[in-house]
Amino acid sequence: MIDLKLLQKDFDTLNAKLVRKGVDAALIEQLKIKNEELKKAKSSFETLQALQNSMSKEFGIYKREGKDISELKQRVDANKIVINEALDIQRTKQEELESIAMSIPNMPDDNVPDGEDEDDNVEIKKVLTPKEFSFTPKEHWELAQENGWIDFERGVKLATSRFSVSFGMGAKLERALINFMLNFNSKRGFNEVSVPALVNRQALEGTGQLPKFEDDLYKIDGQELFLIPTAEVPLTNLFQDEILAAEQLPIKMTAYTSCFRKEAGAAGRDTRGMIRQHQFHKVELVAISNPQNSDEIFDEMVNCASDILTALELPHRLVTLCTGDLGFSAAKTVDLEVWLPGQNTYREISSVSNTRDFQARRAKIRFKDGKQNTMVHTLNGSALAVGRTLVAIMENFQNEDGSITIPKVLEPYMN
C-alpha cells in the first residue's frame, strides 16, 4: 500500500507518480477526499475525548468540594454516547480509505521509463548470441510431441485446456532444472525454503494479489484459502505482522513450488504449448531488505537469474519495464527474456521486481531501526520459470533429426 501520509505531505508528487502508472486521476482525488474525511472524523473524536477528560476532572473536584454532580453526570453520560458515535464514524472512514488504498498500485521509481505497454520497454543488454541453424528450427510443441516429452491432449483429458503432462526425459529434465536452479540460488546466498501451496486471503492482500486480482486466482470452495500464483506470496508473508531485528536483514530465500493461475486476461494468447499454463513449476527468489540495501540486492537477483540462463547456454536479454507494463506491486522491474528460435523472438522467462515498502506496509513487515520501527523493502523474482526454461532448451538445443541435446551443466542431474 502506498504511504497515505503523502496525501497530506506531498500530494502533487504522489498524484504525478500514480498517473505515470496509469491510475485514473479521479480515483486519486477520491483517495484524497476520503483521507480528509478521516482526518476530520479523527479531529471530532479527539475533541469529544478531550471534553470527556475535562469533565472527568471536574467530577473529582465536585466530589471533593461536596457539590451536586447530577447535572455534570448527565453531561458526561450524554458525551459518552456522542463519543461512541464519533468513534464509529472514524472507523467507517478508515475502512473507506483503506478500501480505496488497497486497490491503488505502487508508485514507479523515478528512473522507470514512461510508456503504455511492452512495446515501450527498454532493452538493457543482450547476453549470448543466438545459434544459427542450418535448418528451420521447430517450435517446442512439435519437438515435445515428436520426442514424447510432453502430452498436451492428456493434460486436457485430466483437467482442461492449458494443462499438460510430462513423460520420460521431459519429466526428468524438469526435475533436473528444479534441482539445478535451487542449488545455484543457494550458492548465491538464498536460503532454500519449502512452503504451502495454499495461502489465506490476508497473505494475498499482503503481496498485492488481492483484492484486485481475485478473478485470476483458484479459490477453495467454502474456505478463505487460495492456491498460490507464485511462491512470492508465502515467502514474503512468512514475516507478516513482525518486527525484525536490523541484524536479521537481508533475509534471502529461494523456493520451488507449483503455481496456479486462471490466466483470466490471456484468452486467445499462447493457446499452444507450455508458455502460458494454468499450473506451472517455478523457482522463486524473495528478499526482505533494509531500504538502504534493496537496490544492491535487486541487482544481485537480476544477475542470479541471468547467470542461470548463461550457465544453461541460453541466449537472453534484459529489459527494463516501462510504467505501463509494471506490475501492481512493483516500483521497478527488470524482465529477462530468453531467445526462442522456433518462434524467432525473445519471450519472458523471469521478472525481478523491487516493491520498495509497498508490500511491507500491506503485510506490516517492519524492522527495528534504532529506536523506531521502519518498513522493510521486499523484492521478488523468478530464477527461473521451469516450464519456459524447458521450452527454451528444446528450441535452442534441437538437432536436425528432431532430437534434443541436454545442456552440459545439467548432465550430472540427468544420471
How long is the straight-line distance from CG of N303 back to CG of L336, given to the nearest 0.5 Å?
9.5 Å
Knowing that exactly one of M375, M1, E232 qualifies, which makes a side-chain contact (heavy atoms from CB on, under 4.5 Å) with Q359?
E232
Taking 4.0 angstrom as the limit, do E96 and K93 come out as a salt bridge?
yes
How many angstroms lie between atom CG of L31 and atom CD1 of I100, to the nearest 0.5 angstrom?
6.0 Å
Is any side-chain heavy atom of I349 closer than 4.5 Å to a side-chain heavy atom of V391?
no
Does the side chain of F11 come within less than 4.5 Å of E29's, by heavy atoms?
yes
Ion pair present between D335 and R317, side-chain N to carboxylate O less than 4.0 angstrom?
no
Y256 ring centre to K282 NZ or CZ under 6.0 Å, with the angle to the axis within 45°?
no
Pairing of R261 and E263 as salt bridge, 4.0 angstrom limit
no
Side chains of T310 and E313 only: does a donor on one sit below 3.5 Å from an acceptor on the other?
no
Which pair of heavy atoms, one from L217 and one from P229, lies closest together, and at what distance?
CD2-CG, 3.8 Å
So how far is it from L14 CG to D3 CG, rounded to the nearest 0.5 Å?
9.0 Å
Keeping the roles fixed (side chain from T160, backbone from V156), state whether a donor-acceptor pair exists under 3.5 Å.
no
For A245, is there any backbone N or O sitting under 3.5 Å from a side-chain donor or acceptor partner on Q248?
yes
Any side-chain heavy atom of C304 sitting closer than 4.5 Å to one from N185?
yes
Search all heavy atoms of T320 against all heavy atoms of P113 and return the closest pair with its distance.
CG2-CD, 3.6 Å
Please check: side-chain N/O of D10 versus main-chain N/O of L6, any donor-acceptor pairing under 3.5 Å?
no
Report the C-alpha separation of R366 and D241 in whole Å, then their side-chain angles, then the decisive distance to 0.1 Å, and conclude whether the salt bridge (charged side-chain N to carboxylate O under 4.0 Å, His left out) test is met.
CA-CA 8 Å; R366 296 142 292 170; D241 201 17; 3.2 Å; yes
Please collect all salt bridge (Lys or Arg N to Asp or Glu O under 4.0 Å) contacts where either partner lies in residues 186-197, sequence neighbours excluded, each pair once.
R188-D307
Measure from the side-chain N and O atoms of R388 to the backbone N and O of I275, and report whether any donor-acceptor pair falls under 3.5 Å.
yes
Between E98 and Q94, do the side chains contain a donor N or O and an acceptor N or O under 3.5 Å apart?
yes
Residues in salt bridge (Lys or Arg N to Asp or Glu O under 4.0 Å) with D295, at least two apart?
R356
Could you tell me whether D215 and K262 have a side-chain N and a carboxylate O separated by less than 4.0 Å?
no
Steps toward side-chain contact (heavy atoms from CB on, under 4.5 Å) verdict (N380, E284):
CA-CA 7 Å; N380 62 80; E284 188 77 359; 3.7 Å; yes
Working to the nearest 0.5 Å, report the span between OG of S294 and CD of E300.
11.5 Å
d(L97 CG, N35 CG) to nearest 0.5 Å is 5.5 Å
Is any side-chain heavy atom of L249 less than 4.5 Å from a side-chain heavy atom of S289?
no
State whether a side-chain donor-acceptor pair under 3.5 Å links Q343 with T345.
no
Verify the distance criterion only: is there a donor paired with an acceptor across the side chains of T355 and H377 at less than 3.5 Å?
no
Take the angle between the ring planes of F152 and H140 and call it parallel below 30°, perpendicular above 60°, tilted in between.
perpendicular
Aromatic contact, F190 with F184 (centres under 6.0 Å)
no
Partners of Y218 by ring-ring contact (aromatic ring centres under 6.0 Å, His included), sequence neighbours excluded?
none
Find out whether K21 and V112 are in side-chain contact, i.e. whether some heavy atom of one side chain is under 4.5 Å from a heavy atom of the other.
no
Less than 4.0 Å between a side-chain N and a carboxylate O, is that true for E214 and R201?
yes
For the side-chain contact (heavy atoms from CB on, under 4.5 Å) test, which of K364, R362, E205, Q202 pairs with Q240?
Q202
Residues E37 and K34 bridged, charged N to O under 4.0 Å:
yes
So OG of S353 and CG of L379: to nearest 0.5 Å the spacing works out to 8.5 Å
Got M274 and S164 here, is their nearest side-chain heavy-atom distance under 4.5 Å?
yes
Please confirm whether the backbone N or O of A392 pairs with a side-chain atom of N396, one donor and one acceptor, at under 3.5 Å?
yes
A side-chain contact here means heavy atoms from C-beta on lying under 4.5 Å apart; do W149 and L143 qualify?
no
One thing to verify: whether R272 and E139 come together as a salt bridge, which I'm taking to mean a side-chain N less than 4.0 angstrom from a carboxylate O.
no
Is it the case that more than 12 heavy atoms not belonging to E242 sit under 6.0 Å from its CD atom?
yes
Side-chain touch V376/N290, heavy atoms, less than 4.5 angstrom
no
Indicate whether the side chain of E224 and that of N200 have a donor and an acceptor atom separated by less than 3.5 Å.
no
